[in-house]
Undergrad: 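Take a look at this one; I'll ask things after.
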Amino acid sequence: MRLTRYFLPVLKENPAEAKIVSHRLMLRAGMIKQASAGIYSWLPMGLKVMQRIERIVHEEQARAGHLPVLMPTLQSADLWRESGRYDDYGEEMLRMQDRHGRDMLYTPTAEELITDIFRAHVSSYKDLPLTLYQIQWKFRDEIRPRFGVMRGREFYMKDGYNFDVDYEHALHAYNRHMVSYLRSYERMGLQAIPMRADSGPIGGEDTHEFLVLAETGESEVFYDSAITGLTLGDRDIDYTNWDQCALIAREWTEPYARTDETHDEALFNQVPEARRKVSRGIEVGQIFYFGTKYSDAMGASVVNDKGEQVPVHMGSHGIGVSRLLGAIIEASHDDNGIVWPEGVTPFHCGIVNLRQGDAGTDRVCEDLYAAMTAAGLEPLYDDREERAGAKFATMDLIGLPWRITVGPRGVKNGVVELTCRRTGESEELKPEMALARVKEIYSSV
RNA sequence: CGGGGCGUAGCGCAGUCUGGUAGCGCGGCGGUUUUGGGAACCGUAGGUCGUAAGUUCGAAUCUUACCGUCCCGACCA
């Protein structure tokens, strides 16, 4: 993409309404525009990052054997009356009527609808296990939305639902989700720690929240620092292997890690003092096992291998996709702007032409741009008639992890400069070598 | 929902107390000179002062109501 052809309305000054860094940077980097309280329009670069996150989620769900569906945002109240939640949900649920006076609502979650799909089409244990998920807009009418996309009213979320014949199978589904979530977050460049949590209004017996450590987090968190060293890396994972999933889940849930809601001081004190950490965290996902709550209420049952009619065991699982943009920025930025992890960056590499219109720099930039594009990477070429300072400031603000700077001095010597956004380190390389380096970096992402 | 702010150009703000020609910086557009960390100069466009009613010869400014939005609290993926 050439910057002169892109729509990137960056702001030099901080918008008054944004108090926390991710909100400020998303507005300044031209990623979002507030439409009304807690509701945002997504501009091209913000949408691009969101789509990268979405893609990682889809890929990891596919790997775990889960199937995508798409359910409506506007739902009839009928199913919600059947489960009893139409009355339980309260003011957070946005309610409305259609022209016939029928009660409708904007979905805050989709247990009812998915259970309705299930009961209509599945009747045998042979069709299980089944996990369906969607990535769809949700709405919760927060009393006080704040912090930009981190606590919006409208939000984009992956919500998934597993259906299993009994508790043991459902437990594996739980563990499988834990592993797939850990993988997803790792690919986004995040360390998200599973923490035992309360189940809240969704209702459940077993539940973990995934929290990203950040000063601006909404929850206070207590954890054993041993957990922050854990990583899946390139472990070979077989999602059909119950033992392997259980083992990984245990590895990540054994060290103490809880939010203030479930914090147990006595247990915490058993952690060696040097490893006891108190911090704040942003919740970026949650998994639940809730058994037969909805299947009982809505009559979703299957015949098991003994010929008995049994209610299905269910769980639900969420990843806050739009919220993740804020969380990633909170966890990865500096005074000059965003620092995108390679896994979610909107463009793989910036190309900065320091002397637009100069035959030499223009040619090197164009060649790099074409070669990088041909290699399957997406560069952002700053081809504006701007001075160096303005171009650097823009690149730093929008946070592309790598930048190639092409100036007349370097071109004369046959080199360009490759700079790492995170460390600020630069090296001078021949253009083809710089390209090779960028290709190599992304080959493992 | 309780408490407290704020609504004036795309963004950041002054002007409101004490009523009388709507301003500044950034950004935009045109031009000249610049060119390795948000350049300088010249020119130029851009505003129902949140909305409505009221007071007044006259309202951005005073009064009332409403709307929007932000912050703290309670609540929450």
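Every heavy atom of this structure was used, including side-chain atoms; hydrogens, water molecules and symmetry mates were not. Below, chain A is the first sequence line, B the second, and so on; all start at residue 1.
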Undergrad: Please tell me if A:Gln34 has a side-chain N or O lying less than 4.0 Å from either OP1 or OP2 of B:rG68.
TA: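 The answer is no; no side-chain N or O of A:Gln34 sits under 4.0 Å from OP1 or OP2.
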Undergrad: Is the phosphate of B:rG27, meaning OP1 or OP2, less than 4.0 Å from a side-chain N or O of A:Lys12?
TA: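 The answer is yes; a side-chain N or O of A:Lys12 sits under 4.0 Å from OP1 or OP2.
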Undergrad: Say you pick atom C1' in B:rC26 and the same atom in B:rA14; how far apart are they, in whole Å?
TA: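 Comparing C1' positions in B:rC26 and B:rA14 gives a spacing of 15 Å.
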Undergrad: Atom CG of A:Leu3 to atom C1' of B:rG38: distance rounded to whole Å?
TA: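 Nearest whole value for this atom pair: 14 Å.
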Undergrad: Quickly, which of A:Tyr369, A:Tyr381, A:Tyr6 forms a ring-ring contact (aromatic ring centres under 6.0 Å, His included) with A:Phe347? Name it, please.
TA: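 The option that passes is A:Tyr6.
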Undergrad: Rounding to an integer number of angstrom, what distance separates B:rG68 and B:rC57 when you compare their P atoms?
TA: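 Each nucleotide's P atom is 35 Å from the other's.
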Undergrad: When the P atoms of B:rC1 and B:rA39 are considered, how many whole Å apart are they?
TA: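 So the two P atoms sit 48 Å from each other.
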Undergrad: Is A:Gly152 touching bases, backbone alone, or none of the nucleic acid, heavy atoms closer than 4.0 Å?
TA: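 Since a base atom lies under 4.0 Å of A:Gly152, the category is base.
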Undergrad: Please measure how far the C1' atom in B:rU48 lies from the corresponding atom in B:rG43, and state the result in whole Å.
TA: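 Result for the C1' pair: 29 Å, nearest Å.
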Undergrad: Suppose we screen for ring-ring contact (aromatic ring centres under 6.0 Å, His included). Which residues come up paired with A:Tyr256, at least two apart in sequence or across chains?
TA: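 ring-ring contact (aromatic ring centres under 6.0 Å, His included) check on A:Tyr256 returns A:His263, A:Phe268.
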Undergrad: Under 6.0 Å between the ring centres of A:Tyr133 and A:His58?
TA: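 Yes: the rings meet the under 6.0 Å criterion.
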Undergrad: Relative to the 5' end of RNA chain B, which residue comes earlier, A:Arg384 or A:Lys19, by the nucleotide with the nearest heavy atom?
TA: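 Whichever sits nearer the 5' end wins; that is A:Arg384.
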Undergrad: What's the closest nucleotide to the side chain of A:Arg146 if the choices are B:rC76, B:rU69, B:rG73?
TA: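 Given the options B:rC76, B:rU69, B:rG73, the side chain of A:Arg146 is closest to B:rG73.
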Undergrad: Would you kindly give the NE2-to-P distance between A:His23 and B:rU69, to the nearest whole Å?
TA: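 Going from NE2 in A:His23 over to P in B:rU69 covers 12 Å.
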Undergrad: Between CZ of A:Arg140 and CZ of A:Phe155, what distance do you get to the nearest 0.5 Å?
TA: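 Those atoms lie 4.0 Å apart.
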Undergrad: Look at all strands and tell whether A:Thr394 reaches a base, only sugar-phosphate, or nothing, counting heavy atoms closer than 4.0 Å.
TA: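 Answer is base: heavy atoms of A:Thr394 come under 4.0 Å of a base.
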Undergrad: Can you see whether A:Tyr40 has A:Lys33 sitting over its ring - NZ or CZ less than 6.0 Å from the centre and within 45° of the normal?
TA: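 No.
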Undergrad: How do A:Asp396 and A:Gly38 order along RNA chain B: which one's closest nucleotide is nearer the 5' end?
TA: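 It is A:Asp396 whose nearest nucleotide is closer to the 5' end.
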Undergrad: Against the six-membered ring of A:Tyr86, is A:Arg95 placed for a cation-pi contact (under 6.0 Å from the centre, within 45° of the normal)?
TA: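 Yes; both conditions hold, so A:Arg95 lies above the ring face of A:Tyr86.
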Undergrad: List the protein contact pattern of nucleotides 2-15 of chain B with one symbol per nucleotide (5' to 3'): B for base contact, S for sugar-phosphate-only contact, - for none; contact means a heavy-atom distance under 4.0 Å.
TA: ---------BSS--
Undergrad: Pairs under 3.5 angstrom, nitrogen or oxygen only, protein versus nucleotides 31-36 of chain B, please.
TA:
unit_1, atom_1, unit_2, atom_2, d
B:rU34, O2, A:Arg387, NH1, 2.8
B:rU35, O2', A:Arg355, NE, 3.1
B:rU35, O2', A:Arg355, NH2, 3.2
B:rG36, N2, A:Glu417, OE1, 2.5
B:rG36, N2, A:Glu417, OE2, 3.1

Undergrad: Please tell me whether A:Thr405 and A:Arg403 have a donor and an acceptor in their side chains that are separated by less than 3.5 angstrom.
TA: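 Result is yes, a qualifying pair exists.
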